Enquirer: 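Below are the structure tokens for one structure; questions will follow.
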Amino acid sequence: MANYDYDVLIIGAGPGGYVAAIRAAQLGLKTACVESRETLGGTCLNVGCIPSKALLHGSELFEEAAGGHFATWGITAKPTLDLAKMMAEKSKAVGELTGGIEFLFKKNKVTWLKGHAAFEDAHTVNVGGEKVTAKDIVIATGSSVTPLPGVTVDNAAKRIVDSTGALDLDEVPEHLVVIGGGVIGLELGSVWRRLGAKVTVVEFLDQLLPGMDGEVRKEAQKIFKKQGMDMMLGHKVTGAEVKGKTVTLTVEPAAGGEAKTVTASHVLVAIGRRPNTEGLALDKAGLSTNNRGQIEIGHDFRTSVDGIWAIGDVVPGPMLAHKAEDEGIAVAENIAGQTGIVNHDVIPSVVYTAPEIAGVGLTEEQAKEKGIAVKVGKFPMMANSRAKANRDTDGFVKVIADAANDRVIGVWMINSLAGTMIAQAAQAMEFGATSEDIAYTCHAHPTHAEAFKEAAMAVQGKPIHM
């Protein structure tokens with residue numbers, strides 16, 4: 001039997017990797033985690049989920065005080081923006097959380113190997129010039145920004161930026177053009193619009209938020225327009241030129257047609273993310289990637305090479321931190337000889353704009369594509385007593401049930417608390433709930449969550465408050 005340095009070696013300390021490392025150590029395995037950043041937590045904690053949510057929160061407070069809900073409730077305020085202080089508070093939150101993971105590594109006796117990892121063979125990894133061996137190796141290297149041909153990102157110059165650069169601007173853009181109408185583009189566009197920027201979203205498709213339920217997409221587009229975002233749907237950006245403080249974009253109809261120019265002070269490229277597999281020397285371990293750059297795995301997260309596993313953004317499926325975390329727990333349990341399972345049919349997704357947008361399971365369109373006959377119930381927040389009392393009535397809740405057995409197969413919603421409310425939907429679906437189960441579960445009054453109950457009642461055509 002080979003004598004390895006570690007039982008388990010995790011490559012990457014993002015949400016999937018650090019969770020896998022902690023869980024493996026909890027299960028009694030000698031564990032190390034390789035991370036090339038100066039801090040743990042990966043993209044999510046350092047330049048993704050956490051800093052963006054901090055700025056979303058801060059910008060919401062500013063907008064409310066500057067003439068939003070404050071004015072509705074008879075509160076007069078004249079706020080001034082200290083952008084440097086807002087950025088400092090964001091950085092403080094990031095530091096607290098990344099430091100927290102370092103504490104958890106020490107507490108659970110996980111060794112942090114600092115440096116870049118590259119395979120030597122299926123059980124050996126070179127980390128910063130030193131060879132490290134492990135019986136089992138987990139690839140959890142995450143993803144990075146997808147580049148756009150013709151538009152060169154330069155975060156240091158702060159004119160054409162990616163999502164990392166957009167979190168660190170030192171001035172409010174006069175006019176920010178967001179290339180990409182997905183989650184990241186809309187969240188960061190929302191931050192800067194609230195702080196005073198004119199925001200234009202250029203999206204290749206004819207609707208925002210690809211992959212989400214059609215009715216939610218339409219409602220979101222309507223709300224964002226009402227908030228002041230300009231939309232150029234069905235368009236693509238083919239070039240960009242920076243001169244001083246002005247960026248000139250070449251924009252063409254996606255379906256073909258005459259090009260035009262759009263000028264901006266800043267541009268955010270947010271067209272998606274791609275798996276981080278370059279530099280890992282996967283071939284030396286006997287691995288390759290598919291045509292999307294992903295590592296193929298089985299249901300238990302094993303790759304085609306014995307002893308090598310993969311999770312998170314480098315494998316097929318949605319690129320979501322909570323998916324990676326669940327896979328991190330499951331892969332550690334599988335390596336330890338237990339049974340680790342992730343139900344990939346019940347992975348919620350959230351857009352942290354205002355209002356929030358969330359969904360889990362199938363969209364109505366996906367259900368029909370699969371040939372599933374459905375019954376759908378919808379309930380508007382306008383008819384929800386708590387939303388009405390709060391003067392916060394944008395959006396609705398939508399429940400999609402299989403017409404044959406009433407089992408809920410999808411829930412989609414747009415409202416101020418959607419990101420929190422979707423957890424109940426995910427748990428109900430995990431237990432195989434029917435719309436009737438949800439409809440006859442007592443919900444506290446007055447709460448936004450009652451809209452979910454009433455949407456479930458609406459599947460059978462019998463909501464009470466509309």
Side-chain angles (χ1 to χ4, degrees), residues 64 68-69 72-73 207-209 212-227 346 348-368 372-429 431-466:
E64 286 192 7
H69 281 166
T72 300
W73 289 98
Q207 275 189 303
L208 303 173
L209 296 169
M212 291 204 149
D213 185 83
E215 288 188 288
V216 163
R217 295 172 74 185
K218 287 179 184 175
E219 183 73 5
Q221 183 178 322
K222 183 178 77 177
I223 290 171
F224 291 138
K225 275 188 175 180
K226 186 173 74 174
Q227 290 175 350
V346 184
S349 57
V350 183
V351 188
Y352 294 93
T353 49
E356 294 178 345
I357 304 159
V360 61
L362 298 178
T363 66
E364 189 173 353
E365 294 79 13
Q366 289 168 342
K368 288 176 180 175
I372 303 172
V374 298
K375 284 188 173 182
V376 175
K378 278 177 64 180
F379 191 80
M381 299 310 294
M382 181 66 75
N384 173 265
S385 58
R386 183 63 181 274
K388 195 89 169 176
N390 288 5
R391 294 296 187 248
D392 184 21
T393 55
D394 281 338
F396 59 83
V397 178
K398 177 177 181 177
V399 175
I400 304 163
D402 189 326
N405 55 23
D406 193 38
R407 187 169 180 169
V408 176
I409 57 173
V411 176
W412 296 85
M413 58 181 76
I414 176 167
N415 62 63
S416 59
L417 294 180
T420 301
M421 286 170 58
I422 204 65
Q424 183 194 353
Q427 191 161 39
M429 289 172 61
F431 280 88
T434 62
S435 74
E436 185 180 54
D437 290 329
I438 298 164
Y440 284 97
T441 297
C442 187
H443 288 60
H445 174 79
T447 60
H448 291 74
E450 288 177 289
F452 182 33
K453 172 189 175 83
E454 296 252 25
M457 295 177 77
V459 171
Q460 304 300 330
K462 53 180 183 182
I464 298 298
H465 292 97
M466 63 173 276

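We number each residue from 1, following the sequence as shown. Bear in mind that the values here come from a model prediction, so they are computed numbers and not experimental data.
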Enquirer: With side chains defined as the heavy atoms from C-beta onward, is the minimum distance between Met457 and Phe379 less than 4.5 Å?
Expert: no
Enquirer: NZ of Lys453 to OG of Ser435: how many Å apart, nearest 0.5 Å?
Expert: 12.0 Å
Enquirer: For Pro355 and Ser416, work out which heavy atoms get closest and say how close.
Expert: CB-N, 3.8 Å
Enquirer: As a test of understanding, state which of His445, Arg386, His443 forms a side-chain hydrogen bond (donor to acceptor under 3.5 Å, both in side chains) with Glu450.
Expert: His445
Enquirer: Report yes if the side chains of Met413 and Ile422 come closer than 4.5 Å at any heavy-atom pair, otherwise no.
Expert: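 The answer is yes; the side chains approach within 4.5 Å.
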Enquirer: Please report the shortest heavy-atom distance between Val346 and Ala426, naming the atom on each side.
Expert: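 Closest pair (atom of Val346, atom of Ala426, distance): CG1-O, 3.4 Å.
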Enquirer: Sub-3.5 Å donor-acceptor pair from the side chain of Asn415 to the main-chain atoms of Met381, do we have one?
Expert: no
Enquirer: Which distance, rounded to the nearest 0.5 Å, do you find between the NZ of Lys378 and the CD1 of Ile400?
Expert: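 Going from the NZ atom of Lys378 to the CD1 atom of Ile400 covers 10.5 Å.
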Enquirer: Side chains of Val351 and Met212: does their closest heavy-atom pair fall under 4.5 Å?
Expert: yes
Enquirer: Taking the side chain as every heavy atom from C-beta outward, state whether Thr393 and Lys388 have any atom pair closer than 4.5 Å.
Expert: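 Heavy-atom side-chain distance check passes, below 4.5 Å.
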Enquirer: Between atom CD of Gln221 and atom CD1 of Ile223, what is the distance when rounded to the nearest 0.5 Å?
Expert: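 Between atom CD of Gln221 and atom CD1 of Ile223 there are 11.0 Å.
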Enquirer: Looking only at non-hydrogen atoms, find the nearest pair between Thr363 and Asp213 and report the distance.
Expert: CG2-N, 3.4 Å
Enquirer: Could you check Thr420 against His448 for side chain to side chain contact (heavy atoms under 4.5 Å, CB included), going step by step and ending with a plain yes or no?
Expert: CA-CA 10 Å; Thr420 301; His448 291 74; over 6 Å; no
Enquirer: So how far is it from Gln227 CD to Asp394 CG, rounded to the nearest 0.5 Å?
Expert: 7.5 Å
Enquirer: Working to the nearest 0.5 angstrom, can you tell me the gap between Asp437 CG and Phe431 CZ?
Expert: 12.0 Å
Enquirer: Tell me, please, which residues at least two apart from Lys218 pass side-chain contact (heavy atoms from CB on, under 4.5 Å).
Expert: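 Scan of Lys218 (side-chain contact (heavy atoms from CB on, under 4.5 Å), adjacent residues dropped) gives Gln207.
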Enquirer: When you measure from the side chain of Trp412 to the backbone of Leu362, do you find a donor-acceptor pair of N or O atoms at a distance under 3.5 Å?
Expert: yes
Enquirer: Where is the tightest heavy-atom contact between Val350 and Gly419, given as atom of each residue plus distance?
Expert: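 So the minimum-distance heavy-atom pair works out to CG1-CA, 3.7 Å.
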Enquirer: Any heavy-atom pair between the side chains of Met466 and Glu454 that's under 4.5 Å?
Expert: no
Enquirer: Nearest 0.5 angstrom please: Ile357 CD1 to Leu209 CG, how far?
Expert: 5.0 Å
Enquirer: Are His69 and Asp392 close enough, and set up right, to give a side chain to side chain contact (heavy atoms under 4.5 Å, CB included), and what steps lead you there?
Expert: CA-CA 9 Å; His69 281 166; Asp392 184 21; 4.2 Å; yes
Enquirer: For Ile409 and Ala367, work out which heavy atoms get closest and say how close.
Expert: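 Heavy atoms only, the tightest pair is CD1-CB, 4.1 Å.
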Enquirer: For Glu365 and Gly214, indicate whether the former's side chain and the latter's backbone hold a donor-acceptor pair under 3.5 Å.
Expert: yes
Enquirer: So, does Gln427 use its side chain to make a donor-acceptor pair with the main chain of Gln424 at under 3.5 Å?
Expert: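 Absent.
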Enquirer: Closest heavy-atom contact between Val408 and Met429?
Expert: O-CG, 3.7 Å
